[in-house]
Amino acid sequence: MLQVQFIRQNKELVLERLAVKNFADAATLVEEVLALDEQRKKLTLDYDETQAKVNSASKEIGKLMASGDKSGAESRKLEVAAFKQALGPINEQLGATEKLLHDTLVRLPNLPGSTVPKGRTPEENVEVRRGGVIPTLAAGAVPHWDLAKQYDLIDFELGNKITGSGFPVYKNKGARLQRALISYFLDFNTAAGYNEMLTPFMVNETSAYGTGQLPDKEGQMYYMPEDNFYLIPTSEVPVTNIYRDEILKESELPVKMTAYSPCFRREAGSYGKDVRGLNRLHQFEKVELVQLVHPDKSYTTLEEMVAHVEKLIQSLGLPYRILNLCGGDMSFASAQTFDFEVWSAAQQKWLEVSSVSNFETFQTNRMKVRYKDENGKNVLVHSLNGSSLACPRIMATLLENNQTPDGILLPEVLHKYFGTDRIA
RNA sequence: GGUGAGGUGCCUGAGAGGCCGAAAGGACCGGUUUGCUAAACCGGCGUACGGGUCAAACUGUACCGAGGGUUCGAAUCCCUCCCUCACCGCCA
C-alpha cells in the first residue's frame, strides 16, 4: 500500500510512475485519495477539538463533585451531553471516510522503480542477460513427463487419485531428487548469510493481507473457512510476516531469511496450456529468500539477490535468461521484478523458475515493519523476496537437459545430496 | 474436546471508575565516576494521526488482546469475539 503522505507530496511523480504500469484509473483514484485524505484531516481536527472539550469538562465535573458542588456538576453534564451529540455524526463520518480512504488506497498498485521498462505484455520484458549453454539433445530425447515415467520418478495419475490434478506424487529417486534440491538450495542460501526458517504452511487473514495477497488474490489461495486460514501460495507470506508490527534497530538490518515450503496455488483459470507435467502445479516445493533492508539499500540488495540466484542456477549448469519485467507484466505489489527462466530443452521453451522483487515500502507499510533511524524516527524498511528456486521446474529441466543414453546426469553440486551422480 | 486462569509498554509486573500513557524493576541509550571489566549514581526511554514550527519546543486526540455497551468520566464495570497458559482426555 502506498503512503498517503507520499502521494500528497509527490502527486505528479505518482501519476507518472503509475503510467509505466499501465494502470488505467490512476488519475481518478489519486484524486479520490487526496480528497478523502483532506476530508479525513478536517474531520479528525473537528473530532479532536470537540472530544477535548468533553474531556476537560469531565475532569471539572470530577472536581466539582469532590467539592460538593452538585448543581455545578449537573450543569456541566448538560454541556457535555451537547458536545457528545455533536460528536456522534462526526465520528460516524470520520469512520466512513477512513474506511473509504483505505479501500481506495489499497486499489493503487506499487510504483515501478526508475529502471522498469515501459510495456504492457510479457513480450515487452527486457532480457538482461543469458548464461549457460543450451544443450543439443540426441535424437529421441523426450520431455520430462516421459522421463519421469521411464525412471519411475513421478506418478501424476497417483496424485490424481489421492487428491486431484496438479498434485503429483514423487517416487523413489524422484522424491530423493526433490529433497536433494531443497537441501542444496537451503545450504547455498545459509552459506550466503541467510537465516533458515521453517514456518507454518497456513496463515491467517492478517498475514495474507500483510504481503498483499489479500484483498487482491483471494481466488488464487486455498482457503479453510472452518479456521479462517489460507494455505500459503509461497513462504514469502509467513516469512515476511515474522516481522509484522516490529520496530527494528538500524543495526539489525539487513534481515536475511530463507525458507523451504510447499506452495499451494489454485491456478484458477489456467487450465489447458502449459500445465503438462511439472510445468504448473497446485502444490509445489520451493525455497524462498526474503530480505528486510534499509530504504537506501534496497536496489543494491535487489542486484545482490539477482546475482545470488544467478550463481545458484549456474551451479546447476542450466541455461538461463534474466528478464527485467516491464511495467505491465509486474505484479501489483512490486516496484521492480527480475524473472529467471531456464531453458527446457525437450519442450523447447523457457520456464520461469524464480522471480526476484523489490517491494520497497508496499508490504512494510501494510505490515508496519519499521526501523528507528538516528533521529529516533520510525521509518518503514524495504522488503524484497525471490525464489531460490522453484523445485519442480528445475527438476523438469534437469531431467530433460541432462538425459543421455547412460541415464540422467546430475550436476556435481547435487551429488553429495543425491548420493550418486546420475539417475539410471 | 472438557475445565480453570489469564491477555497492561522491549521484558517482568503493579494498578480494580477521575490524581493513569500507565508504579516498580530489568533491558536499552546518554552522562558522571572509574587502572580494565564490572559496579554505583544521575538522566532519558511507547505508537499512530493531527495542530504548530524552517526545524524544534510545545500541544490535541486515540491506543492497556479486538469490537461493542454502561457512565459526565473506563486499563478498571458489562457483553461478544480472538488468543495464550495450566490441568485432564486424545494423539504424531
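Chain identifiers are assigned alphabetically (A, B, ...) following the order of the sequence lines, protein sequences preceding nucleic acid strands; residue numbering begins at 1 within each chain. Note that the structure is predicted; figures quoted are calculated from it, not measured. Computed from heavy atoms alone, side chains included, the values below leave out hydrogens, waters and symmetry copies.
Within the 4.5 Å cutoff, the side chain of A:F188 has heavy atoms near those of the A:K311 side chain.
Between A:K377 and A:K249, it is A:K249 whose nearest contact on RNA chain B lies nearer the 5' terminus.
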Can you give each donor-acceptor pair under 3.5 Å made by side-chain atoms of residues 106-118 of chain A, sequence neighbours left out, with the distance rounded to 0.1 Å?
| residue | atom | partner | partner atom | Å |
| --- | --- | --- | --- | --- |
| A:N110 | ND2 | A:A333 | O | 2.9 |
| A:N110 | ND2 | A:F359 | O | 3.1 |
| A:T115 | OG1 | A:Q336 | OE1 | 3.1 |
| A:T115 | OG1 | A:Q336 | NE2 | 3.0 |

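For the pair A:K59 NZ and B:A74 P, the computed distance is 11 Å after rounding to whole Å. Per the geometry, CD belonging to A:E205 stands 17 Å off P belonging to B:A66, to the nearest Å. Atom OH of A:Y243 and atom P of B:C10 are 16 Å apart (whole Å). With rounding to whole Å, A:E252 atom CD is found 13 Å from B:C10 atom P. Computed from coordinates, the A:D373 CG to B:C29 P distance equals 17 Å when rounded to whole Å. Distance, A:I90 CD1 to B:U61 P: 14 Å, rounded to whole Å. Counting to the nearest Å, the P atom of B:G60 and the CG atom of A:L94 are 19 Å from each other. Put simply, CD on A:Q85 is 14 Å from P on B:C72, counting in whole angstrom units.
Residue pairs meeting the side chain to side chain donor-acceptor pair (under 3.5 Å) criterion with at least one member in residues 374-384 of chain A, sequence neighbours excluded, are A:S298-A:H382, A:Q363-A:S383, A:K372-A:N378.
Checking A:S355 against A:D339 by side-chain atom types alone, a donor-acceptor pair falls below 3.5 Å. A:Q213 and A:Y230 are not linked by any side-chain donor-acceptor pair at a separation below 3.5 angstrom, with hydrogens and angles left out of the test. A donor-acceptor contact closer than 3.5 angstrom links the side chains of A:Y223 and A:N228. The closest side-chain donor-acceptor pair between A:N279 and A:R276, if any, does not fall under 3.5 angstrom. With hydrogens and angles left out, the side-chain atoms of A:T211 and A:E236 include no donor and acceptor closer than 3.5 Å. Checked by atom type, the side-chain pair A:T361/A:T364 shows no donor-acceptor distance below 3.5 Å.
Rounded to a whole angstrom, the distance from the P atom of B:G9 to that of B:U76 is 15 Å. Nucleotides B:C19 and B:G30 place their P atoms 35 Å apart, quoted to the nearest Å. As rounded to the nearest Å, B:G1 and B:A27 have P atoms that lie 42 Å from one another. Look at the C1' atom in both B:G7 and B:A75: the space between them is 12 Å, to the nearest Å. Remark: the separation of the C1' atoms in B:A23 and B:A14 is 6 Å, to the nearest Å. Taking atom P on both nucleotides, B:C10 is separated from B:A16 by 23 Å, rounded to a whole Å. Spacing between B:A57 and B:A48 at atom P, rounded to whole Å, works out to 15 Å. Rounded to whole Å, the C1' atom of B:C36 lies 42 Å from the corresponding atom of B:G21.
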TODO: Can you check each nucleotide of nucleotides 44-51 of chain B against protein heavy atoms at under 4.0 Å and return B for base, S for sugar-phosphate only, - for none, in 5' to 3' order?
DONE: ---SSSS-
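Remark: A:M65, A:K77, A:V80, A:K84 in residues 65-84 of chain A come within less than 4.0 Å of RNA chain B through at least one heavy atom.
Cation-pi geometry between A:R265 and A:F284 is not met at under 6.0 angstrom from the ring centre and within 45 degrees of the axis.
A tilted orientation is assigned to the rings of A:H102 and A:Y209, their planes being inclined by 30° to 60°.
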Task: For RNA chain B, the dot-bracket pattern of Watson-Crick and G-U pairs whose distances stay under 3.5 Å, | for other-strand partners - done: ((((((((.[[[..)..(.....]]].(((((.......))))).((((((......)))))).[[[[[..)....]]]]])))))))....
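For A:E49, there are no salt bridge (Lys or Arg N to Asp or Glu O under 4.0 Å) partners two or more places apart in sequence or in a different chain.
Among the heavy atoms of the strands lying under 4.0 Å from A:A52 are primed sugar atoms or P, OP1, OP2 only; no base atom is included.
Phosphate contact (OP1/OP2 of B:G18, side-chain N/O of A:N55, threshold under 4.0 Å): absent.
The six-membered or imidazole ring of A:H294 lies near that of A:Y371, with a centre-to-centre distance under 6.0 Å.
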